[in-house]
Number of protein chains: 2
Amino acid sequence: MTVTLADVAARAQVSPATVSRVLNGNYPVAASTRERVLKAVDELDYVLNGPASALAAATSDLVGILVNDIADPFFGIMASAIQAEIGGPGGRAGGERLAVVCNTGGSPERELTYLTLLQRQRAAAVVLTGGAIEDAPHKAAMDAKVRKLVEAGTRVVLCGRPPAPDTGAIALTFDNRGGGQELTEHLIGLGHRRLGYIAGPEERTTTRHRLEGHRAALAAHGIEEDPGWTVHGRYDRRSGYEATLELLRRDPSLTAVVAANDSVALGACAALRDSGQRIPEDVSVAGFDDLPFSIDAVPSLTTVRLPLAEAGARAGRIAMGREEAPPGGIASVRGELMVRGSSGVPRAS
Amino acid sequence: MTVTLADVAARAQVSPATVSRVLNGNYPVAASTRERVLKAVDELDYVLNGPASALAAATSDLVGILVNDIADPFFGIMASAIQAEIGGPGGRAGGERLAVVCNTGGSPERELTYLTLLQRQRAAAVVLTGGAIEDAPHKAAMDAKVRKLVEAGTRVVLCGRPPAPDTGAIALTFDNRGGGQELTEHLIGLGHRRLGYIAGPEERTTTRHRLEGHRAALAAHGIEEDPGWTVHGRYDRRSGYEATLELLRRDPSLTAVVAANDSVALGACAALRDSGQRIPEDVSVAGFDDLPFSIDAVPSLTTVRLPLAEAGARAGRIAMGREEAPPGGIASVRGELMVRGSSGVPRAS
DNA sequence: CCGTATATAGAAAGCGCTTGCTGCAACGCT
DNA sequence: AGCGTTGCAGCAAGCGCTTTCTATATACGG
């Protein structure tokens, strides 16, 4: 069968305990002995048995990263940054940790199940990214699970997610509301008064916060919103395309379309173009997130840049205990308005 | 401390063995007993200890997915498809498996280390995605590792990666060469004779194969290539931007630019625009992969569509033993030429 | 009514590793 | 020289689960 610690010990003429200590480097071992052990390990091509080790030591080197959609660069970028800090192989010192990215697909059950799975594996830390689902029972279940994880010694960090008070989780929240407000204020400042809004899926904190920011801006400028100006959809391009067509049908006099995120905004651009509208001469478009491709659109997208990589890196460091948690366990991360070619003054009505 | 199997057993007034059997459902247990156990599990909020279970059963429910760059949708899409098939939570029947996505960042060491880590965890299966690194010693080390994994009972699937003969790994290879050739032939067919090529990083199979396809097309049409027409770079937008500028400097008479992938192509488009060139009137551009955003570029990108999701799904199924391996353990997956707005007849010289 | 097949539960032996404790030299101190 | 230190290695007891084997109870056929 496979090579075990005992085999290595036999070969190196030491006890299994010594081999373990050499491998973990947490106990003094004479240099000559260490060398003998290492040689045996090498010769036998020994690979530690992870489960056995985790069981005996009651710790694991797994770190979980939960994302809503791994195919979406929004999450990919965060995950990448988190993982880089987790250390994984090639990371800085410390035992090698296995960062596992789990794709929930936005499904509440999966989210919960993954958390259970991670709990089962006795994960060292868990980072939850992206907006949360606003279903009360689900939220309660999640909070309970998180609390349990924290109690069991797993560090839980929320990255780009609203805080979960009293769970012990540390939150790095994106200021979606503020960003949304700033973005819409920019459009209002250009003179827009009739703005369509393509929101994300309902029951999502991200969706709600961005929309609230938008509405706050409208309200602050005394613009009364027509209920037909808001359409809900998914966070993808196709959804943006369809929603824009719908928006145009409902009110062709709209001079601007604000999208839930950049992918949606790109879909909106395509729909507008296909409808014979010029951007931004006829209709301005704005996105959110500032993903890498947004600057490549023609015209390039006006959007709110979220420091995805920075936030992810920080979340990763906190998860590893390499950076202190923010005061109160909560930090708000602001976005930055990026004014680009897709927004301009409204057409003369 | 945490709740253990024994606690549940005590509460349900049965032996630990029975609890284990109820949980695993692989042994007859009287319905009444099962119910009592389940109730106790629920009441105590018991969560199985993964490492202990893995140790005792000598199996694990971890499945590893190695990707070069998790922030790149190319990998994100594949990973997502693979994971969906792995079953993860929410997947079809069978024990719940934890699909872990590991980001190698294209680094050989990390690739190897992750494989070791997965081996250590006794992963049930491993899927390696994307091009391989063409360094002989590294390749040998990888092959050896893969062989060892297979020997240990881990199913290894290569998705979008060249086969690794005699390792026992199953390969679903992308026909990068054929796709590259077809793409360039399309441009040649339009009348292009002076084509720049922005290749990916050297020492990568994907880079080499696509470039070989390109050159095969040139050769087939008797076009002699100027060495200055090829520039190497990374697989990202910025690299495409810079390489295009360089290409333009070297030979302003180029009428087409073929990029290593879509991101690079987008960078190329930006560089061309910034240099005052129209696409495709002055210069045609072509990409590779057909990522979702490619159709949104203006003009939309001519490219080769790779069935990323389909291939990933299939790889996932094979990894789970739910689909038979292709004959000989090797299958070639073809791309499909997508002719769109970014390619047209060359300008009159 | 008894022997044997059939269902279900329990006892107990590990799985391969970690770690607290013990053992034993060699060492330095008074 | 005697004794406490210090440094290094081994012993052995688990970690929490799975699984083989055994035991008991019930059902069945003759």
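Just so it is clear: chains get the letters A, B, ... in the order the sequence lines come, proteins before strands, and each one is counted from 1.
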Considering only distance and modelled atom types, tabulate donor-acceptor pairs under 3.5 Å from the side chains of residues 127-138 of chain B, sequence neighbours left out.
unit_1, atom_1, unit_2, atom_2, d
Thr129(B), OG1, Leu66(B), O, 2.7
Glu134(B), OE1, Arg208(B), NE, 2.6
Glu134(B), OE2, Arg208(B), NE, 3.1
Glu134(B), OE2, Arg208(B), NH2, 2.7
Asp135(B), OD2, His138(B), N, 3.2
His138(B), NE2, Glu111(B), OE1, 2.6

I need the [atom1]-[atom2] distance between [X] and [N], as an integer number of Å.
{"X": "Leu23(B)", "N": "dC17(D)", "atom1": "CG", "atom2": "C1'", "answer": "10 Å"}
{"X": "Asp61(B)", "N": "dC17(D)", "atom1": "CG", "atom2": "P", "answer": "14 Å"}
{"X": "Glu35(A)", "N": "dC8(D)", "atom1": "CD", "atom2": "C1'", "answer": "16 Å"}
{"X": "Asn24(A)", "N": "dT18(C)", "atom1": "CG", "atom2": "P", "answer": "5 Å"}
{"X": "Tyr46(B)", "N": "dG16(D)", "atom1": "OH", "atom2": "P", "answer": "10 Å"}
{"X": "Gln13(A)", "N": "dG10(D)", "atom1": "CD", "atom2": "C1'", "answer": "14 Å"}
{"X": "Arg122(B)", "N": "dC17(C)", "atom1": "CZ", "atom2": "C1'", "answer": "11 Å"}
{"X": "Arg120(A)", "N": "dG16(D)", "atom1": "CZ", "atom2": "P", "answer": "16 Å"}

Nearest 0.5 angstrom please: Arg122(A) CZ to Asn49(B) CG, how far?
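Between Arg122(A) CZ and Asn49(B) CG, I get 4.0 Å after rounding to 0.5 Å.
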Within the 4.0 Å heavy-atom criterion, would you say Ala17(A) contacts the bases, only the backbone, or no part of the nucleic acid?
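If one applies the 4.0 Å heavy-atom cut-off, Ala17(A) turns out to touch a base.
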Just call it for Asn26(A): base, sugar-phosphate, or nothing, with non-hydrogen atoms closer than 4.0 Å on any strand.
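The residue Asn26(A) makes sugar-phosphate contact but no base contact.
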Decide yes or no, distance alone: a donor-acceptor N/O pair under 3.5 angstrom between the base of dG10(C) and the side-chain of Arg21(B).
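By the distance-only test, yes, there is a pair.
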Distance-only donor-acceptor test, Tyr27(B) side-chain atoms vs dA9(C) base atoms, 3.5 Å:
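When only heavy-atom distances are counted, Tyr27(B) does reach the base of dA9(C) through a donor-acceptor pair under 3.5 Å.
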Looking at side-chain heavy atoms only, is the closest gap between Phe75(A) and Asn68(A) below 4.5 Å?
yes
Taking 4.0 angstrom as the limit, do Lys139(A) and Asp143(A) come out as a salt bridge?
yes
Given [options], the nucleotide with the shortest approach to the side chain of [X]:
{"X": "Thr18(B)", "options": "dA9(C), dT18(C), dC17(D)", "value": "dA9(C)"}
{"X": "Val14(A)", "options": "dA9(D), dG10(D), dG16(C)", "value": "dG10(D)"}
{"X": "Thr33(B)", "options": "dC17(C), dA9(C), dC17(D)", "value": "dA9(C)"}
{"X": "Ser15(A)", "options": "dG10(D), dT18(D), dG16(C)", "value": "dG10(D)"}
{"X": "Pro28(A)", "options": "dA9(C), dC8(D), dT19(D)", "value": "dC8(D)"}
{"X": "Leu48(B)", "options": "dG16(C), dT18(D), dC11(D)", "value": "dT18(D)"}

Do the side-chain N or O atoms of Ser53(A) get closer than 4.0 angstrom to the phosphate oxygens (OP1, OP2) of dT18(C)?
yes
Earlier contact from the 5' end, DNA chain D, for Asn49(B) and Arg36(A):
Arg36(A)
Mapping Val19(A) and Leu55(B) to their closest nucleotides on DNA chain C, which lands nearer the 5' end?
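By nearest-heavy-atom nucleotide position, the 5'-most residue is Leu55(B).
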Do Thr18(B) and Ser15(B) have a side chain donor and acceptor closer than 3.5 Å?
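On atom types as modelled, these side chains qualify, holding a pair under 3.5 Å.
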Listed partners of Thr173(B) passing side-chain hydrogen bond (donor to acceptor under 3.5 Å, both in side chains), at least two apart
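Listed in chain order: nothing, the list is empty.
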